[in-house]
Amino acid sequence: MRRIQSKARPHWQDRVTEAGLLWHSGEQPYWNESAFYEFSAREVDALESATNELAEMALTAAQHIIDAKLYAKMAIPECAIPLIEKSWEAEPPSLYGRFDLACDGVHSPKLLEYNADTPTSLLEAAAVQWYWLEDVFPAADQFNSIHDRLIAQWKALCPYLPDYRIDFCSMDDVEDGMTVAYLLDTAQQAGLTTSMFPIDEIGWDGVDFRAPDNRPLGAIFKLYPWEWMVREEFGRYLGLAKTIWIEPAWKMLLSNKGILPVLWELYPDHPNLLEAHFDGPGAMSAWVKKPLLGREGANVTLHSPVKDLATQGDYGEDGFVYQQLAPLKQFDGMYPVIGSWVIAHRAAGIGIRESDSPIITNTSQFLPHLFT
Amino acid sequence: MAHGALRKSTRVVLTVAAAMGVSARAQQDPCEASTFNGQSCQLAIRHNGYCSGGAWTSMTYQWPYPFYYDAYSAFVSGGGLAAPFAIENCRAPGMFSRGGFGAIGAGRHHAGG
């Protein structure tokens with residue numbers, strides 16, 4: 001695994017914008033092609049293998065949480081439990097997720113967290129870095145079948161979606177909106193009828209959730225966390241309506257940081273896991289304290305014998321988990337995190353975000369990759 | 001007595017049956033003390049009605065929710081046995097609301113992660 005300096009394409013801003021990455025440059029650049037990461041085929045095999053194994057372990061962990069009723073430990077509200085258990089039994093459609101892995105090219109990839117419900121950085125991983133590869137290194141390869149796999153999974157889901165239709169909703173935000181627009185694109189390419197609207201335009205009529213044009217919503221993809229949905233005004237209706245939600249409610253179990261100590265309890269000393277606990281750091285000398293329901297690296301505390309670091313934010317009132325500090329290696333002074341995508345619970349490709357801090361936040365940068 | 005006189009009641013008085021009838025009707029109301037259901041009562045007050053037997057029943061409530069909750073509490077503390085209203089769903093005429101999702105996210109950067 002190497003970080004290699006590279007010359008950015010002339011007019012790269014136009015190239016990435018054409019691919020839909022409208023947020024490539026905010027206060028600081030988000031898309032960064034002045035460098036890229038290079039992997040060996042063997043390292044890619046290790047990432048793929050680890051991802052597939054973690055995906056299977058996560059499903060086992062979800063069953064364990066349900067069987068052992070660990071909901072309170074994970075700050076999952078009582079009103080959400082019937083939704084979770086019903087959706088777990090019914091096995092409704094599921095599309096995707098992203099494991100965040102610490103990887104240094106030496107140790108086995110280590111799971112930092114699993115964004116199983118509302119993962120973003122999808123467009124840049126699936127499409128934008130692919131176009132970069134075609135432009136700059138057309139003979140090289142990239143661990144990235146995300147686009148094809150998304151289309152294939154939508155096709156597989158067609159029989160479960162009423163009228164072969166899937167609607168999409170998100171917050172009225174450019175990054176979330178473009179992520180959903182990209183997914184809508186893949187659904188259309190799979191032959192589905194689609195529409196897209198802000199989540200606050202969903203209606204409720206006493207029986208059905210309704211689209212802005214008043215159609216009953218048969219199936220809808222939402223880029224909006226379940227833990228927020230169940231706490232909002234319409235949350236009380238979620239168990240009454242027939243609407244199929246993608247991702248399904250049971251994904252609440254996996255996107256919760258409480259999955260980390262549960263996995264460690266089920267698979268102690270697994271090479272792709274870091275020690276993790278609910279109640280405190282225990283005997284760990286270097287650890288990271290993460291909010292159960294945190295997002296984008298907010299309210300994270302990193303403790304080591306030589307350094308303490310903390311981020312601010314609005315999360316943490318539901319509790320924390322403590323995870324062993326991953327063996328982090330700097331590449332040109334930067335800390336990379338591998339976002340390893342699963343489509344239908346199988347590895348599909350990676351995207352890399354890096355930061356000058358060991359805590360990846362919403363100010364991190366996305367870099368393309370290739371392998372040889 | 002003429003035979004025809006037996007074919008028609010001159011006065012019908014109901015006591016027990018009437019009480020049961022009132023009770024049966026009351027059992028359909030989520031804000032009634034004997035069938036109180038807090039969540040359904042709050043929704044019924046907000047939407048001026050409730051679902052019962054698969055159909056929408058319009059009902060205007062004069063008082064805010066705490067009044068009905070207090071009545072329920074008094075009923076139970078007085079030894080009354082409550083059979084909670086069963087939650088149903090049906091389409092309410094004219095009842096159509098939006099904006100029930102998105103409030104938490106509105107205060108954040110974005111919802112994806």
Side-chain angles (χ1 to χ4, degrees), chain A residues 23 79 98 100 113 115 117-122 169-180 198-210 212 214 216 222-225 227-229 231-242 255 294-298 313-315 361-362, chain B residues 27-32 35-61 64-66 68-69 72 82 84-113:
Chain A
W23 61 99
C79 63
R98 191 195 71 227
D100 284 347
E113 58 190 62
N115 195 331
D117 187 20
T118 60
T120 52
S121 77
L122 176 67
C169 69
S170 70
M171 283 173 55
D172 196 5
D173 163 83
V174 64
E175 182 176 348
D176 289 1
M178 282 309 301
T179 301
V180 165
I199 192 167
D200 62 4
E201 291 186 11
I202 291 177
W204 171 253
D205 70 357
V207 174
D208 293 309
F209 289 110
R210 296 269 179 162
N214 292 341
K222 50 86 202 165
L223 190 67
Y224 199 77
E227 66 261 23
W228 294 357
M229 289 174 66
R231 289 172 168 85
E232 294 186 341
E233 183 186 350
F234 281 2
R236 68 189 76 189
Y237 306 133
L238 286 163
L240 303 178
K242 297 185 295 289
S255 59
R295 313 180 76 77
E296 297 187 313
D314 301 326
Y315 299 96
T361 66
N362 60 8
Chain B
Q27 281 172 4
Q28 298 173 350
D29 189 332
C31 295
E32 167 67 27
T35 56
F36 186 81
N37 180 309
Q39 181 187 358
S40 297
C41 178
Q42 290 179 65
L43 287 171
I45 292 168
R46 182 182 307 170
H47 298 304
N48 292 314
Y50 52 86
C51 283
S52 181
W56 181 257
T57 301
S58 295
M59 181 68 68
T60 302
Y61 295 89
Y65 172 74
Y68 298 100
Y69 180 79
Y72 160 71
F85 178 88
I87 297 176
E88 298 179 39
N89 60 327
C90 61
R91 185 163 293 121
M95 179 182 123
F96 203 98
S97 55
R98 295 194 189 276
F101 287 129
I104 296 175
R108 312 275 182 174
H109 175 56
H110 53 198

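All chains are named by letter (A, B, ...) in the order of the sequence lines, taking the proteins before the strands, and each is independently numbered beginning at 1. Remember, predicted model here, so these are calculated numbers, not experimental data. Just so you know, these numbers use all the heavy atoms, side chains as well, and skip hydrogens, waters and symmetry mates.
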Name the region of [X], side chain, backbone, both or neither, that has any atom closer than 4.5 Å to a heavy atom of chain B.
X	value
A:Met171	side chain
A:Asp200	both
A:Asp314	both
A:Arg98	side chain

Heavy-atom pairs under 4.5 Å with chain B are the metric here; pick the option from [options] that has the most.
options	result
A:Asn115, A:Leu122, A:Thr179, A:Leu223	A:Asn115
A:Gly313, A:Gly297, A:Pro212	A:Pro212
A:Arg231, A:Arg295, A:Lys222	A:Arg295

Under-4.0 Å salt bridge between A:Glu296 and B:Arg108: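 No, A:Glu296 and B:Arg108 are not salt-bridged.
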
Plane angle bin for B:Tyr69 and B:Tyr65 - parallel if under 30°, tilted between 30 and 60°, otherwise perpendicular: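 If you compare the ring of B:Tyr65 with that of B:Tyr69, the planes turn out tilted.
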
Between CZ on residue A:Phe234 and CG on residue A:Leu240, distance to nearest 0.5 Å: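 The CG atom of A:Leu240 is 12.0 Å from CZ of A:Phe234, to the nearest 0.5 Å.
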
Rounded distance (nearest 0.5 Å) linking atom OH of B:Tyr50 with atom CG of B:Leu43: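 It comes to 14.0 Å.
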
Aromatic ring proximity, centroids under 6.0 angstrom, B:Tyr68 and B:Tyr61: yes

From A:Asp172, A:Val174, A:Thr118, A:Asp176, residue fulfilling side chain to side chain contact (heavy atoms under 4.5 Å, CB included) relative to B:His110: A:Asp176

Best-contacting candidate, B:Gly113, B:Gly102, B:Gly107, against chain A by heavy atom pairs under 4.5 angstrom: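 Greatest number of close heavy-atom pairs with chain A: B:Gly113.
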
